[in-house]
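Below: one structure, written as structure tokens.
Values below: all heavy atoms of this structure, side chains included; hydrogens, waters and symmetry mates excluded.
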Amino acid sequence: MAACSRTFIDAGMQAQLTRNPAIRLWQTLSTGGLLVATVFFAASLTPSLIPRSHITQGILSGFACAAGYGVGVAGFWLWRYLELPRGSTRLVRRARIAATIICLAIAFVFLWRATAWQNSIRNLMGMTPVESIYPFTVGQLTLAILIVLIALARLFRLTWRAVTTRLRPFIPRRIANVIGIAVAAVLFIGIGNGVLLRYALHIAEGSFRTLDSLMEPDVSQPADPAKTGSAASLISWDDLGRAGRNFISSGPSQKDIETFLGRKALAPIRVYAGLGSADAPQARAKLALAELKRVGGFERSALIIATPTGTGWMDPAAVDTLDYLEGGDVATVAIQYSYLASWLSLLVEPEYGGEAARALFSEVYGYWTNLPKDHRPKLYLYGLSLGAMNSQRSNELFEVLADPYQGALWAGPPFSSQPWGSITRQRNPGSPVWLPRFRDGSYVRFTSQTDALAIPGAHWGPMRIVYLQYASDPIVFFDALSIYRPPAWMHQPRGPDVSPALRWYPIVSFLQSLVDMAIATTTPAGYGHVYAPQHYIDAWLEVLGAKDWSAPEIARLKQHFAKL
């Protein structure tokens, strides 16, 4: 009688529990999937290249959990497919309870350690340590994203089964399964890319276009007729765009440079053609060349063909330092090729930036080569991030061998850049991927936070190519193959700005790298994808071959920019 009562009570409690939505969801989940998901969650809390906020961490952990759950479910499916033995219902229930306890313990331990891991990156970058990563917020975000992604996966499965069920009366079962999966994949990918992604990109483009057209109240049209955008200019002030107007109106004046140098200087020349200046890249390039000639750009000692980032932004840390180093005797010319942020521009219009960079180079270089060699400026190329990639695509080496330009400075080149990728892969044995040495150093050299350009015994050739890159820059060192093997930058010796606590985990490290790229510009200057003026100064001095700057003067210039 007592046993029957206990059975009745247990059954009642079981029925009561199953009415709870959370319990019902838990009962439908794969035990193996939960275990692997927890391992992936724990690994996602470990450090990567860029410090993460608790919101970013929650998003990353949610996707990592979903990936782990998928791996676990796939493993369980393989187990069943191979017809390996399965335990009894009671054993499965007990295993589920034990697995849940283990998962909670692992999650608790890794959440407790996560703050120290994030601070291991922040300390390297001189950032204020965080007191907590807000584990409850991270946990809630992780669960929410995990549930949404599992729901989408189950919707995919329902679609596949619905198609398969309709096909089975007419074709063999396995063929129906394959067709069902293919139809469901095409449907989901079509909705994702053709509807959601297209709509999101349309919204993003509209937002960036609106931002580009905004007229800042503190930026006024220049009165100096020698300035691009002035009343005398060939390029309208309104057509420059927001990035172009900032580029033209910012930077040091002639007086600023003279005050710092203590001697006579010139007003730097800046020429820029925005997207509104002309419809086609070739037309904008021709307009920029005409404006460059109008303002006397070819009468300066140095001429820079610069390629901006995706939004058209020009990094002041690079251009302003160059203006001081050249005493204002420099002209910089650029054209805009996109409204979008660099990563969106790379996704939507990957060829357009290269086309614009090539158009500008062809126009300027073509005119420059026809000038007398003793009466023309030294010619250099510059680009940051997507601008660095597109600047490298602006010309081929064989095209300029007969009359080479003097050099180039490319900062933070994206991982898909060429010839950067080829040079890095063919680096000298023993040199790390984050600071490679190539051949005898006569053509190309690499540098980072610490000036590494003075290679003992090396002598520059007619062209000086310098890459400025940080080991902590995920845009430079993203590696899609890190999904199944450690990337080269994790090998010893590691960069000085990479956390010693960083470890590689399959799939998870790949997801961490994706998130790192999205937040690469949230670091202090000198880390991640934010390049500091003092490092530009060292790189420019080498590219320019400047010999008239003493060590104390260089240090004073770096201090000057550190105060800005």
Inset, instruction - Spell out, as yes or no, whether a donor-acceptor pair under 3.5 Å connects the side chain of S277 to the backbone of A273. - result: no
Legend entry - Reported CG-to-OG distance for the pair L275 and S338, which is rounded to 0.5 angstrom: 7.0 Å
Inset, instruction - Please name all residues satisfying side-chain hydrogen bond (donor to acceptor under 3.5 Å, both in side chains) with Q418, sequence neighbours left out, ordered by chain then number. - result: none
Inset, instruction - Over all heavy atoms of both residues, which pair between F260 and L557 is shortest? Give the atoms and the distance, please. - result: CZ-CA, 3.5 Å
Legend entry - Any donor-acceptor N or O pair under 3.5 Å, side chains S482, D479: no
Inset, instruction - With sequence neighbours left out, write down each residue that passes side-chain hydrogen bond (donor to acceptor under 3.5 Å, both in side chains) with W410, or none if nothing qualifies. - result: S391
Legend entry - Residue pairs, two or more places apart or on separate chains, that pass salt bridge (Lys or Arg N to Asp or Glu O under 4.0 Å) and touch residues 366-376: R376-D403
Inset, instruction - Kindly say whether I304 contributes a backbone atom to a donor-acceptor pair with the side chain of T332 at under 3.5 angstrom? - result: no
Inset, instruction - Measure the CG-CG distance between L371 and L303 for me, rounded to the nearest 0.5 Å. - result: 10.0 Å
Inset, instruction - Using distance alone, with no hydrogens and no angle criterion, decide if D440 and S442 have a side-chain donor and acceptor under 3.5 Å apart. - result: yes
Legend entry - Listed partners of R494 passing salt bridge (charged side-chain N to carboxylate O under 4.0 Å, His left out), at least two apart: none
Legend entry - salt bridge (charged side-chain N to carboxylate O under 4.0 Å, His left out) involving K558 - partner list, sequence neighbours excluded: D538
Inset, instruction - Find out whether M490 and L502 are in side-chain contact, i.e. whether some heavy atom of one side chain is under 4.5 Å from a heavy atom of the other. - result: yes
Inset, instruction - Among residues two or more places apart or on two chains, list those pairs meeting salt bridge (Lys or Arg N to Asp or Glu O under 4.0 Å) that have a residue in residues 271-297. - result: K286-E363, E291-R294
Inset, instruction - Hey, could you give me the CG/CG distance between L541 and L453, rounded to the nearest 0.5 Å? - result: 9.5 Å
Inset, instruction - State, yes or no, whether a side-chain contact exists between L544 and Y380 at a heavy-atom distance under 4.5 Å. - result: yes
Legend entry - Student check: side-chain heavy atoms of V515 and L511 closer than 4.5 Å: no
Inset, instruction - Taking side-chain hydrogen bond (donor to acceptor under 3.5 Å, both in side chains) as the test, write out the residues that go with R358, two or more places apart. - result: E399
Inset, instruction - For T56 and R52, indicate whether the former's side chain and the latter's backbone hold a donor-acceptor pair under 3.5 Å. - result: no
Inset, instruction - Would you name the heavy atoms of M125 and T523 that are closest together and state the gap between them? - result: SD-CG2, 3.9 Å
Inset, instruction - Show your working on salt bridge (charged side-chain N to carboxylate O under 4.0 Å, His left out) between R270 and D320 and close with a plain yes or no. - result: CA-CA 11 Å; R270 296 186 176 187; D320 294 356; 2.7 Å; yes
Legend entry - Pairwise distance OG(S513) to CD1(I475) - rounded to 0.5 angstrom: 12.0 Å
Inset, instruction - Name all pairs fulfilling the ring pair (Phe, Tyr, Trp, His ring centres under 6.0 Å) condition that reach into residues 493-513, sequence neighbours left out, sorted by first residue then second. - result: F478-F510
Inset, instruction - Could you please spell out the steps behind the side-chain hydrogen bond (donor to acceptor under 3.5 Å, both in side chains) verdict for S53 and Q57? - result: CA-CA 6 Å; S53 69; Q57 181 64 67; over 6 Å; no
Inset, instruction - Test L360 against every option in V333, L289, T307 by the side chain to side chain contact (heavy atoms under 4.5 Å, CB included) rule and name the one that passes. - result: V333
Legend entry - side-chain hydrogen bond (donor to acceptor under 3.5 Å, both in side chains) against T259, all qualifying residues, sequence neighbours excluded: none
Legend entry - Y365 side chain near N395 side chain, heavy-atom distance below 4.5 Å: no
Legend entry - Any side-chain heavy-atom pair of E326 and S301 under 4.5 Å: yes
Inset, instruction - Answer whether the closest heavy-atom distance between the side chains of P129 and N123 falls below 4.5 Å. - result: yes
Legend entry - side chain to side chain donor-acceptor pair (under 3.5 Å) pairs, two or more places apart, involving residues 456-476: Q392-Y467, W420-Q469, W460-E542, Y470-H535, S472-D497, D473-H529, D473-Y531
Legend entry - Aromatic ring pairing W540/Y382, orientation class (parallel under 30°, perpendicular over 60°, tilted between): tilted
Inset, instruction - Can you measure from CZ (R242) to CZ (F247) and round to the nearest 0.5 angstrom? - result: 15.5 Å
Inset, instruction - Mark yes or no for whether R427, through its side chain, and R439, through its backbone, hold a donor-acceptor pair below 3.5 Å. - result: no
Inset, instruction - Nearest 0.5 Å please: distance from the CG atom of L240 over to the CG atom of D238. - result: 8.5 Å
Inset, instruction - Please report the shortest heavy-atom distance between A306 and P308, naming the atom on each side. - result: O-CD, 3.9 Å
Inset, instruction - Keeping to residues at least two apart or across chains, list the ring pair (Phe, Tyr, Trp, His ring centres under 6.0 Å) pairs with something in residues 275-323. - result: F298-Y367
Inset, instruction - Side-chain contact test, heavy atoms from C-beta onward, threshold under 4.5 Å: evaluate it for I50 versus T522 and give yes or no. - result: yes
Inset, instruction - Please tell me if the side chains of I465 and Y443 come closer than 4.5 Å, counting only heavy atoms from C-beta onward. - result: yes
Inset, instruction - Could you list the residues that satisfy ring pair (Phe, Tyr, Trp, His ring centres under 6.0 Å) with F561, not counting sequence neighbours? - result: Y324
Legend entry - Minimal non-hydrogen separation, S394 against A357, with atom names: CB-O, 3.5 Å
